[in-house]
Number of protein chains: 2
Amino acid sequence: MSTSRKDIHNSDVPKLCQSCEVRHKGMCGALNANELVDFAKHTRVVKVSAGDVLLQEQGSIRAYANVMRGVLKLTKTMADGRQQIVGLQFAPDFVGRLHQDESPVRVEACSGVEVCSITRNALRKMLEKNPALETKLLHQALREVDQGREWMLALGRKTAREKVASFLMMMVRQIDPFSRGNAATAFDLPLTRAEMGDFLGLTIGTVSRELTRLRRVGVIRISSHRHIDVLNLEALRQSAG
Amino acid sequence: MSTSRKDIHNSDVPKLCQSCEVRHKGMCGALNANELVDFAKHTRVVKVSAGDVLLQEQGSIRAYANVMRGVLKLTKTMADGRQQIVGLQFAPDFVGRLHQDESPVRVEACSGVEVCSITRNALRKMLEKNPALETKLLHQALREVDQGREWMLALGRKTAREKVASFLMMMVRQIDPFSRGNAATAFDLPLTRAEMGDFLGLTIGTVSRELTRLRRVGVIRISSHRHIDVLNLEALRQSAG
DNA sequence: CGGAATTTTGAATATCGTCAAAGTGAGTGG
DNA sequence: CCACTCACTTTGACGATATTCAAAATTCCG
């Protein structure tokens, strides 16, 4: 049996983690085998389905998590029911507000989702022992700040047309972060029209109209509402402003 | 000469820091006297006036800073000139994007501003030595995430009226974080009408109209354009949605 | 195949933007 | 101290964009 140079303790990595596709990309990338073993004692995989709520807005935070599969939406709601999606999370994002007892947002699954959940206390202890973990979380927080600001520009200054195109561009980048040149791409929308509206600060009608328009001018093709083929990536990029 | 119990090394605190009003509140609160001495070797106070740019959008980051006095605006601009303010920074906020070579936003003074500037390298070394510093910066990053999301709700879902009222409420909280009951408050706006528009995703005309309306219904008083007296805090809170 | 949920589309309306003109205030120099 | 200038703000009339409300069409799923 061959043992690789650095992964001499690889057999010590918990089974749970060995099968985790995003183990090296997320927060856990900062942990070595021994730390993973320690960590895994306090984690468990939780499966939720579309519509299930992981954290309530202003609800207490009992556990944190890492997304392993699927899409989560973070929403804020006004007293009269108006809603805004303020973030989307994909694997391997960290879920939950650190250093705060209440979640400032509602966290809800947009699709079938698997997360790797860890208790508050276990994470706190791990953070105390392992500064590299905190560095990872700082990195994610800074990325979220950047993403949030990118969307503030869209919400405040872009037209409905540009908002919808920007959202599609965001989906393209989610698939292929380097979205080079004019390579055609296809993907399934993780959100309903209503959710797209909640994300873009638009109504469902306006979202639908602008998608129809992008379809009519030949920028995209739409199959069965959810599936998008990008026929002209450059034109889509232009439309995004 | 009396030396207090814990601050036995107080005389070692750099003069620069001794006179810093926000020394304990910002990032530097994580440093002891010796560390401050070390730190202060690489810092200098920089004074800038309204309109001066500390960081360009996509410009290289040569130094970080802490706000000591005044207000900074963080903006993003589209190719055709449309602009959005994506954040405001006050003392003792940390300025600059960590772990990234280019600033994702333009940082510009809204008023006379003093910052305590530190070189990239000096901060990096300090962070390596002092995990508590990173914890402080993580805290600020998380606060900025929360603030950004709060504004996304306003930008995406609030009416012009609610946006303007929300902005005034934000100013009230900036003065008095607990903005209790119905205590009247007064303050000077740190932004011009145009800047308020860029912040709220509105035009200057709409901002002015909504301020006039709040004045006419007796919620606020306006003196010489910049000074606001809040006459009815509860009504303002209602107007903010 | 049938019913529910979602999406598309249409017509009328409201909100906010655009453009332009008038008003106000701060700073400067006489 | 006053008048002048310039930048900023207010206000108005009109128009464009997105919303609202409602109905028709499509897709999903049992």
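The sequence lines fix the lettering, A, B, ..., with proteins before strands; numbering per chain opens at 1.
Screening B:Ile61, B:Val113, B:Leu55, B:Val115 for a side chain to side chain contact (heavy atoms under 4.5 Å, CB included) with B:Val107, the sole residue that qualifies is B:Leu55.
Atom CZ of B:Arg213 and atom P of C:dT15 are 11 Å apart (whole Å). As rounded to whole Å, 15 Å separates atom P of C:dC16 from atom CG of A:Leu155. Protein atom CG of B:Asp198 is 14 Å distant from nucleotide atom C1' of C:dG17, rounded to whole Å. For B:Arg215 and C:dT24, the CZ to P distance is 11 Å, given to the nearest whole Å. C:dG17 atom C1' lies 15 Å from atom CG of B:Leu200, rounded to whole Å. Between B:Arg193 atom CZ and D:dT11 atom P the separation is 10 Å, expressed in whole Å. Distance A:Arg226 CZ to C:dA5 C1': 12 Å, rounded to the nearest Å. Going from atom CZ of B:Arg82 over to atom C1' of C:dT18 covers 14 Å, rounded to whole Å.
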Can you give the donor-acceptor pairs under 3.5 Å from side chains of residues 87-97 of chain A to other protein atoms, not counting sequence neighbours?
unit_1: A:Gln89; atom_1: NE2; unit_2: A:Phe94; atom_2: O; d: 3.2
unit_1: A:Gln89; atom_1: NE2; unit_2: A:Glu144; atom_2: OE2; d: 3.0
unit_1: A:Asp93; atom_1: OD2; unit_2: A:Phe90; atom_2: N; d: 3.0
unit_1: A:Arg97; atom_1: NE; unit_2: B:Asp146; atom_2: OD1; d: 3.4
unit_1: A:Arg97; atom_1: NE; unit_2: B:Asp146; atom_2: OD2; d: 2.8
unit_1: A:Arg97; atom_1: NH2; unit_2: B:Asp146; atom_2: OD2; d: 2.7

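Taking for each of A:Ser224 and B:Thr192 the nucleotide of DNA chain D with the nearest heavy atom, the 5'-most of the two is the partner of B:Thr192.
Of all nucleotides listed (D:dT11, C:dT8, D:dT9), C:dT8 comes nearest to the side chain of A:Ser208. In the set C:dG25, D:dT11, D:dT27, the nucleotide with an atom closest to the side chain of A:His225 is D:dT27.
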Provide a list of protein-nucleic acid N or O atom pairs under 3.5 angstrom, restricted to nucleotides 18-22 of chain D.
unit_1: D:dA18; atom_1: OP1; unit_2: A:Ala160; atom_2: N; d: 2.6
unit_1: D:dT19; atom_1: OP1; unit_2: A:Thr203; atom_2: N; d: 3.4
unit_1: D:dT19; atom_1: OP2; unit_2: A:Thr203; atom_2: OG1; d: 3.1
unit_1: D:dT19; atom_1: OP2; unit_2: A:Thr206; atom_2: OG1; d: 2.2
unit_1: D:dT20; atom_1: O4; unit_2: A:Arg209; atom_2: NH2; d: 3.1

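Remark: the backbone N or O of A:Arg157 is paired with a side-chain donor or acceptor of B:Arg82 at under 3.5 angstrom. Looking only at distances, no side-chain donor or acceptor of A:Ser117 sits under 3.5 Å from a matching main-chain atom of A:Arg44. In this structure, A:Arg226 contributes its side chain and A:Leu189 its backbone to a donor-acceptor pair below 3.5 Å. No donor-acceptor pair under 3.5 Å is formed between the side chain of A:Arg149 and the backbone N or O of B:Ile85.
Remark: B:His139 pairs with A:His99 by the ring pair (Phe, Tyr, Trp, His ring centres under 6.0 Å) rule, at least two apart or across chains.
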